[in-house]
There are 2 protein chains.
Amino acid sequence: MGRGKIPIKRIENQTTRQVTFSKRRAGLLKKTHELSVLCDAQIGLIIFSTTGKMCQYCTKGYRMEQIIERCQKVTGTCISEHDNREHLYNELAVLRKETRRLQLSMRRYTGEDMSSIPFEELDQLEHELERSVIKDQERKVHAHHHLLNAF
Amino acid sequence: MGRGKIPIKRIENQTTRQVTFSKRRAGLLKKTHELSVLCDAQIGLIIFSTTGKMCQYCTKGYRMEQIIERCQKVTGTCISEHDNREHLYNELAVLRKETRRLQLSMRRYTGEDMSSIPFEELDQLEHELERSVIKDQERKVHAHHHLLNAF
DNA sequence: TGAACTATTTATAAGTA
DNA sequence: TTACTTATAAATAGTTC
């Protein structure tokens, strides 16, 4: 379209690229709107220029988040993330209490502040930890029912 | 474009609407791709037809989630959720190690398995915990740099 | 810079198989 | 339906102002 046809590859000349971007972006937004209206389609469009500027289109009557959420429902993306968040919070609550409990217990036995225990132990712990992750998680799931509801 | 020009309003005839949808959707995807390639733009496009079928376009080399996330950063939507998640994961990693470390330390001093310590202590702990949450979090942020990189 | 112009290419509405 | 065809409308590349 235009005086000549151009190959579909990155336009190297920056000025030309920017001009083309402006023109075609306008065209794309128009086409998007038309499709949305003519065919009653729900559309979300997000464009970032090379310079980082963003523009977006979203079918009238909807918000981008709704379309994104619907998209995520279809593709399965992020659904687990939301579920996951709850688990994370739960596990955090459990671990916070557990840690606190252990710290107090330690103090009771040793009288010292455990936060000074050397970090070098951690490398050792890591291996052990990896081996016991599954077992650990099972334990936490059970502890869950007792420990929950902080935070 | 075509034998006649049509007004930009919902096409009432279902067959015509469906045909137009297919054609224009293809056109839109093509234009989207062209803009993306020609101008090196990062684009995400999500389309739902009236019948609920979804199709999407995403600039090559990216995933839709990345574009969505970037969009959310710009608009401010959901940022806290994503940032939050990272913090959650980090804090979990820290706490897991911390807990493990304390458990081992306890064993070293008492020879017993600490997992048997009564849960009744926890109610007491809760109050203390709530008071020290902020201080606690500061500590964890610092511990972070030392403890991280598990999981 | 940026808005208009215009020769061409593209997209597509309606028609046809 | 799902494809082709084609006359026409739109988009736009290169240009000019």
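Each chain gets a letter, A, B and so on, in the order its sequence line appears, and its residues count up from 1.
- Residues satisfying the side chain to side chain donor-acceptor pair (under 3.5 Å) criterion with Thr59(B), sequence neighbours excluded, are Ser36(B).
- Distance, Ile6(B) CD1 to dG15(C) P: 13 Å, rounded to whole Å.
- Met54(B) is listed as a side-chain neighbour of Thr75(A), based on a closest heavy-atom distance under 4.5 Å.
- Here Ile6(A) pairs with Leu38(B) under the side chain to side chain contact (heavy atoms under 4.5 Å, CB included) rule; sequence neighbours left out.
- Contacts with DNA chain C (heavy atom under 4.0 Å) in residues 26-38 of chain A: Lys31(A), listed by number.
- With sequence neighbours left out, Phe48(A) forms a ring-ring contact (aromatic ring centres under 6.0 Å, His included) with no residue at all.
- Side chain of Gln18(A) to backbone of Thr15(A): no donor-acceptor contact under 3.5 angstrom is found.
- Here Phe21(B) pairs with nothing under the ring-ring contact (aromatic ring centres under 6.0 Å, His included) rule; sequence neighbours left out.
- In this structure, Thr20(B) reaches the sugar-phosphate backbone alone: every heavy-atom distance under 4.0 Å involves primed, P, OP1 or OP2 atoms, never a base.
- Met64(A) contributes atom CE, which lies 5.5 Å from atom SG of Cys71(B) (distance to the nearest 0.5 angstrom).
- Put simply, CD1 on Ile68(B) and CD on Glu65(A) are 10.5 Å apart, with the number rounded to the nearest 0.5 Å.
- By the side chain to side chain donor-acceptor pair (under 3.5 Å) test, Arg3(B) is found to be paired with no residue, residues two or more places apart in sequence or in another chain being considered.
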Self-check item: Footprint string (nucleotides 1-9 of chain C, 5' to 3'): B base within contact, S backbone only, - free, heavy atoms under 4.0 Å
Solution: -----BBBB

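- Between Arg17(B) atom CZ and Arg24(B) atom CZ the span is 14.0 Å, to the nearest 0.5 Å.
- Annotation: dT1(C) and dC17(D) have their P atoms spaced 23 Å apart (nearest Å).
- For Lys53(A), the side chain to side chain contact (heavy atoms under 4.5 Å, CB included) test picks out Ser49(A), Thr51(A), with sequence neighbours left out.
- Annotation: side chain to side chain donor-acceptor pair (under 3.5 Å) contacts of Thr50(B) (sequence neighbours excluded): none.
- In this structure, the CD1 atom of Ile8(B) is 11 Å from the P atom of dT12(C), given to the nearest Å.
- If you check every strand for non-hydrogen atoms under 4.0 Å, Gln18(A) touches nothing.
- Terminal axes of the helix from dG2(C)-dC17(D) to dA17(C)-dT2(D) (five pairs each, C1' rotation axis) are separated by 20°, to the nearest 10°.
- Not one side-chain nitrogen or oxygen of Thr16(B) sits closer than 4.0 Å to the OP1 or OP2 atom of dA13(C).
- Residues satisfying the side chain to side chain donor-acceptor pair (under 3.5 Å) test with Thr32(B), not counting sequence neighbours, are none.
- Heavy-atom contacts of chain A under 4.0 Å fall on DNA chain D between two terminal nucleotides, which in 5' to 3' order are dA11(D) to dG14(D).
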